J.: 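Please see the structure below; I have some questions.
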Amino acid sequence: YSDEGSTLEELRSDCHEIHLELAEDGSFTLPLTSLSYNTTYYYVACSNVHYMDFYGEIKSFKTTGDVPAGAVDMGLPVYWATTNVGADEPEEYGQYFAWGETEEKEVYDWSTYKLCNGTPTSFTKYATNSKYGTVDNKTELDPEDDVAHVRMGGYWRMPTRSEWLALREGCTWTWTQENGVNGYNVTSKKTGESIFLPAGGYKGEDKYVYDGIRGYYWTSTLDWKLSDFANHWYIRSDKYTWYTEYRYYGYNVRPVFGLK
């Protein structure tokens with residue numbers, strides 16, 4: 001299936017391919033997730049018999065759903081917010097949050113981090129190894145620990161690491177200024193829509209660092225090896241990519257709208 005190609009040639013060359021087993025009556029069902037809102041998808045069934053492919057009729061369906069104000073269609077499975085959490089305008093930095101926390105605070109370090117008992121070996125949530133604390137093997141934030149979801153509700157949430165990577169691959173990134181603020185203008189290659197990501201720096205202990213020079217945005221994804229680290233998106237004038245860092249740092253959050 002595909003939201004781009006509508007002919008058999010296009011579907012064969014660029015589509016999502018899923019292998020299924022037929023029911024006894026020859027039918028099949030397939031639940032699909034991570035689809036875009038208000039988008040037409042084309043699909044075709046294919047049966048392989050003795051190494052030969054036989055195709056059925058090309059059909060289509062259109063997804064529905066009300067997209068709220070402030071959500072931008074970047075041609076990806078999720079919509080991206082126009083502003084950071086706590087900001088009113090695209091160029092405003094907004095608020096700073098430790099990973100998994102939903103309120104700002106004065107000091108950002110392990111002693112104030114709510115999901116541990118003061119050290120990076122005493123986590124009470126989100127740990128995959130006992131040397132970090134209580135093991136629950138959770139690697140994605142629960143809704144109650146997702147500041148974008150807590151503040152905005154509905155299908156608003158923090159983006160995963162994979163969704164940030166999709167934004168990188170599906171868009172053109174241009175370092176620029178918006179109302180005097182440094183950051184990236186991110187323009188969809190598919191829809192032409194844009195968002196602005198300001199370089200708001202981060203907060204460590206009680207100090208703001210690199211504001212106006214670099215940007216740090218949390219993902220909802222824990223580091224897969226080190227439970228005291230989480231994945232974040234990093235920007236500066238010559239780079240936009242992902243890294244991992246201690247969970248207690250105060251970073252900005254850019255919400256997305258859509259099912260995970």
Side-chain angles (χ1 to χ4, degrees), residues 1-7 9-18 32-43 63 65 67 70-85 90-91 99 139-141 146 148-149 155-178 182-200 202 214-225 229-245 251-260:
Y1 69 96
S2 173
D3 63 341
E4 296 182 353
S6 59
T7 67
E9 181 178 353
E10 290 170 333
L11 287 170
R12 291 179 63 182
S13 63
D14 182 22
C15 70
H16 300 277
E17 185 175 300
I18 301 174
L32 298 176
T33 60
S34 299
L35 299 178
S36 297
Y37 290 86
N38 298 316
T39 300
T40 299
Y41 287 86
Y42 297 89
Y43 68 97
T63 57
V67 180
V72 181
D73 181 3
M74 302 296 285
L76 300 168
V78 295
Y79 288 72
W80 285 76
T82 56
T83 59
N84 291 345
V85 173
E91 71 273 15
W99 190 83
T139 58
E140 288 288 336
L141 287 174
D146 182 325
H149 179 73
Y155 291 126
W156 286 107
R157 57 178 175 80
M158 290 169 61
T160 65
R161 173 181 172 274
S162 296
E163 287 164 344
W164 274 107
L165 289 171
L167 187 71
R168 180 178 70 180
E169 297 305 316
C171 300
T172 301
W173 293 62
T174 305
W175 183 261
T176 185
Q177 286 191 339
E178 184 156 326
N182 289 328
Y184 270 101
N185 187 65
V186 183
T187 303
S188 169
K189 297 175 183 178
K190 185 175 179 180
T191 68
E193 297 289 338
S194 298
I195 59 173
F196 181 74
L197 297 172
Y202 70 91
R214 302 176 184 178
Y216 301 79
Y217 289 84
W218 281 127
T219 79
S220 62
T221 309
L222 187 73
D223 185 276
W224 52 84
K225 290 184 178 180
F229 280 62
N231 289 272
H232 71 276
W233 195 251
Y234 170 76
I235 61 172
R236 68 185 191 201
S237 62
D238 61 345
K239 182 174 288 189
Y240 44 95
T241 189
W242 67 274
Y243 287 107
T244 65
E245 190 50 88
Y251 289 173
N252 295 134
V253 171
R254 177 58 63 94
V256 293
F257 181 83
L259 295 172
K260 185 178 290 187

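The structure displayed is predicted, hence computed values, not measured ones. Worth knowing before you read on, the calculation uses all heavy atoms, side chains too, and leaves out hydrogens, waters and symmetry mates.
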J.: If I take atom CG from residue Leu222 and atom CZ from residue Arg161, how far apart are they, to the nearest 0.5 angstrom?
T.: 12.5 Å

J.: Ser220 and Glu140: side-chain donor and acceptor closer than 3.5 Å?
T.: yes

J.: For residues Trp233 and Trp164, establish whether the separation of their ring centroids is below 6.0 Å.
T.: yes

J.: Taking atom CZ of Arg236 and atom OH of Tyr184, what is their separation to the nearest 0.5 Å?
T.: 9.0 Å

J.: Is the shortest heavy-atom distance from the side chain of Arg254 to the side chain of Ile195 under 4.5 Å?
T.: yes

J.: Which atom pair, heavy atoms only, marks the closest approach of Gly200 to Asn252?
T.: CA-OD1, 3.8 Å

J.: Whether Arg157 and Glu163 form a salt bridge (side-chain N of Lys/Arg under 4.0 Å from carboxylate O of Asp/Glu) is what I want to check.
T.: yes

J.: Heavy atoms, side chains only, cut-off 4.5 Å: are Trp218 and Leu141 in contact?
T.: no

J.: Do Trp173 and Ile235 come close enough that some side-chain heavy atom pair is under 4.5 Å?
T.: yes

J.: Taking the inter-plane angle between the rings of Tyr202 and Tyr216 on a 0 to 90° scale, is it parallel (under 30°), tilted (30 to 60°) or perpendicular (over 60°)?
T.: perpendicular

J.: With Tyr234, which of Trp242, Tyr240, Tyr243 fulfils ring pair (Phe, Tyr, Trp, His ring centres under 6.0 Å)?
T.: Tyr243

J.: Heavy atoms only: give me the nearest Trp175-Ser237 pair and the separation to one decimal.
T.: CD2-CA, 3.4 Å

J.: If I take atom OH from residue Tyr42 and atom OG from residue Ser2, how far apart are they, to the nearest 0.5 angstrom?
T.: 9.5 Å

J.: Treating Asp146 as the side-chain partner and Met158 as the backbone partner, does any N or O pair qualify as donor plus acceptor under 3.5 Å?
T.: yes

J.: Determine whether Tyr155 and His149 satisfy the following criterion, side chain to side chain contact (heavy atoms under 4.5 Å, CB included), listing intermediate values before the conclusion.
T.: CA-CA 7 Å; Tyr155 291 126; His149 179 73; over 6 Å; no

J.: Should Trp80 and Leu167 count as side-chain neighbours, where that means a heavy-atom distance under 4.5 Å?
T.: yes

J.: Considering only heavy atoms from C-beta outward, does the side chain of Asn84 approach that of Pro198 to under 4.5 Å?
T.: yes

J.: Just by modelled atom types, is the Thr160 backbone N or O under 3.5 Å from a matching donor or acceptor in the Thr219 side chain?
T.: no

J.: Tell me whether Asn231 contacts the main-chain N or O of Thr221 through its side chain, where contact means a donor paired with an acceptor under 3.5 Å.
T.: yes

J.: Taking all atoms of both residues into account, what is the closest heavy-atom pair of Thr187 and Gly192, and its distance?
T.: CG2-O, 3.7 Å

J.: Looking only at heavy atoms, what is the nearest atom pair of Leu76 and Ala166, with distance?
T.: CD2-O, 3.8 Å

J.: Tell me whether His232 contacts the main-chain N or O of Tyr217 through its side chain, where contact means a donor paired with an acceptor under 3.5 Å.
T.: no

J.: For the pair Thr191 (side chain) and Asp73 (backbone), establish whether a donor and an acceptor sit closer than 3.5 Å, ignoring hydrogens and angles.
T.: yes

J.: Output, in order, the C-alpha distance, side-chain angles, deciding distance and verdict of side chain to side chain contact (heavy atoms under 4.5 Å, CB included) for Val186 and Thr172.
T.: CA-CA 6 Å; Val186 183; Thr172 301; over 6 Å; no

J.: Counting N and O atoms only, with roles assigned by atom type, does the side chain of Lys190 sit under 3.5 Å from a partner on the main chain of Cys171, one being a donor and the other an acceptor?
T.: no

J.: So how far is it from Glu178 CD to Leu197 CG, rounded to the nearest 0.5 Å?
T.: 10.5 Å

J.: OH of Tyr41 to CG of Leu11: how many Å apart, nearest 0.5 Å?
T.: 13.0 Å

J.: Run Val256 and Trp156 through side chain to side chain contact (heavy atoms under 4.5 Å, CB included) and show every step you take.
T.: CA-CA 6 Å; Val256 293; Trp156 286 107; 5.7 Å; no

